[in-house]
Every structure is written in structure tokens, then in C-alpha cells.
Amino acid sequence: MVRKFGRPDLLVTFACNTTWVDILNVLEGPQRPEDKYSYGRYVSAPEAMWCLNAFNLSEKPHTVIRLAVHLRDQQAIVYQDGQEEEAVARAATRQTTLTAWFELNKNYQDSHNYLYTDIPHYYTFNKRAMKWQKRQ
């Protein structure tokens, strides 16, 4: 409605007591007050403010990046029975987000300003290349 009619000048809230005479008089036949007024929904204060300010309530994806934390050469390895040696060899050459961050700090001076927990704000982790790349 805000997009169609613009922002409101006044926010009006109201309460409804289902035992009021005015409400009981408009009920038809065997209806109960709950039947007539059960189609409302509660809107929390933050949700109301987002709607009044015409902010999008959806279509805002939150990216969650799992940052690995491990000791040197002790990263987690997933393998199937009988393929332990291949998995260990593959893991020895593969970077984690942590080892890639160390590599980034070794090679690029400007990345020294960022903590490991802050790096996703300024860099993206390329899973194919297994390295951090500066955001566009």
C-alpha cells in the first residue's frame, strides 16, 4: 500500500474487545466473535516500521559463510571407507578458508587491515580456485 499510495501521515492503531455490545450485535446467527474476526494478524513493531518505510521484507538473501578454524594440517577431511590415503593427499593440496586467508595476507599488503572474521565483507571465497578474491 505504501508503494501505491505513498507514506502515511498518521499511524492509527485500534483494539477490539470481542465482548463489546457493538461487535455482538453484528454477528449473524450462531457466529461467535472469534469466527467474525479471526482473519486479522499481528504485526510486530519492527515489521510495521519496515512496511511503513516501504522497505522490502523479502528477497534480501543473507549470505552465511562458514569460516574454517583449525590447527596447522589438522583440517577436517571427509572420506569413504578405503579411500583414506587419497583423501589425505587431496586435503594436503586443498586450501580452506583459513589457509587461503593466510595466503592472502602473505601476498597482498592491503588485506592486513582485516580480521579473519571481517574478510567476507571485503573478499569473496572462490570455491573452485580455493582462494579469497576482492569484492567487485
Side-chain angles (χ1 to χ4, degrees):
M1 289 186 64
V2 172
R3 287 191 185 105
K4 186 174 182 180
F5 299 107
R7 293 190 174 146
D9 297 324
L10 178 65
L11 176 63
V12 178
T13 61
F14 61 92
C16 178
N17 185 339
T18 56
T19 61
W20 288 344
V21 176
D22 295 336
I23 291 177
L24 295 173
N25 289 338
V26 296
L27 297 178
E28 301 166 0
Q31 279 185 328
R32 297 181 323 224
E34 300 84 35
D35 297 337
K36 188 94 171 163
Y37 296 97
S38 64
Y39 297 110
R41 81 177 179 93
Y42 175 76
V43 178
S44 65
E47 184 179 356
M49 289 311 300
W50 273 77
C51 290
L52 290 173
N53 289 312
F55 296 139
N56 254 346
L57 287 176
S58 60
E59 300 177 10
K60 295 219 180 250
H62 300 285
T63 304
V64 177
I65 298 174
R66 182 182 172 276
L67 298 174
V69 177
H70 55 82
L71 296 175
R72 181 186 298 252
D73 296 329
Q74 292 187 12
Q75 57 265 39
I77 300 173
V78 179
Y79 61 89
Q80 294 180 353
D81 289 338
Q83 297 180 351
E84 294 87 357
E85 291 180 20
E86 294 89 0
V88 170
R90 196 172 43 246
T93 60
R94 189 173 181 152
Q95 297 267 356
T96 65
T97 53
L98 181 63
T99 56
W101 179 67
F102 288 134
E103 204 60 37
L104 178 74
N105 277 292
K106 186 168 68 173
N107 296 330
Y108 298 100
Q109 186 70 28
D110 60 333
S111 65
H112 292 194
N113 300 328
Y114 310 121
L115 297 173
Y116 181 50
T117 55
D118 297 331
I119 208 75
H121 295 285
Y122 305 99
Y123 291 82
T124 58
F125 189 70
N126 183 332
K127 290 183 180 179
R128 290 178 195 240
M130 298 305 282
K131 66 178 187 174
W132 290 101
Q133 295 176 330
K134 195 152 186 77
R135 286 191 178 269
Q136 299 295 327

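Throughout, numbering of the chain's residues begins at 1 and tracks the sequence. Keep in mind that the numbers below use all heavy atoms, side chains included, and drop hydrogens, waters and symmetry copies.
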Discussion item. If I compare all heavy atoms of Gln75 with all of Arg94, which pair ends up nearest, and what's the gap?
Written reply: NE2-O, 4.1 Å

Item to complete: Taking all non-hydrogen atoms of both residues into account, name the closest pair between His70 and Leu98 and its distance.
Response: O-CD2, 3.5 Å

Worksheet entry | From CA spacing to verdict: side-chain contact (heavy atoms from CB on, under 4.5 Å), Tyr108, Trp132 | CA-CA 11 Å; Tyr108 298 100; Trp132 290 101; over 6 Å; no

Fill in: side-chain contact (heavy atoms from CB on, under 4.5 Å) between Glu84 and Ile77, worked out
CA-CA 9 Å; Glu84 294 87 357; Ile77 300 173; over 6 Å; no

Give a yes or no answer on whether the side chain of [X] reaches the backbone of [Y] with a donor-acceptor pair at less than 3.5 Å.
X: Gln95; Y: Met130; answer: no
X: Asp118; Y: Tyr114; answer: no
X: Ser111; Y: Leu104; answer: yes

[X] [atom1] to [Y] [atom2] distance, which is reported to the nearest 0.5 Å:
X: Lys131; Y: Thr124; atom1: NZ; atom2: OG1; value: 10.5 Å
X: Gln133; Y: Tyr123; atom1: CD; atom2: OH; value: 11.0 Å
X: Leu67; Y: Phe125; atom1: CG; atom2: CZ; value: 9.5 Å

Practice prompt. Please work out whether the ring planes of Trp101 and Tyr116 are parallel, tilted or perpendicular, with thresholds of 30° and 60°.
Written response: tilted

Worksheet item: Quick one: does Thr97's side chain get under 4.5 Å of Pro120's, heavy atoms only?
Response: no

Worksheet entry | Residues, nucleotides or ligands: over 12 heavy atoms within 6.0 Å of Arg72 CZ | no

Worksheet item: Do Leu115 and Phe102 sit in the same hydrophobic cluster, where Ile, Leu, Val, Met, Phe, Trp and Tyr count as joined when their side-chain heavy atoms come under 4.5 Å apart?
Response: no

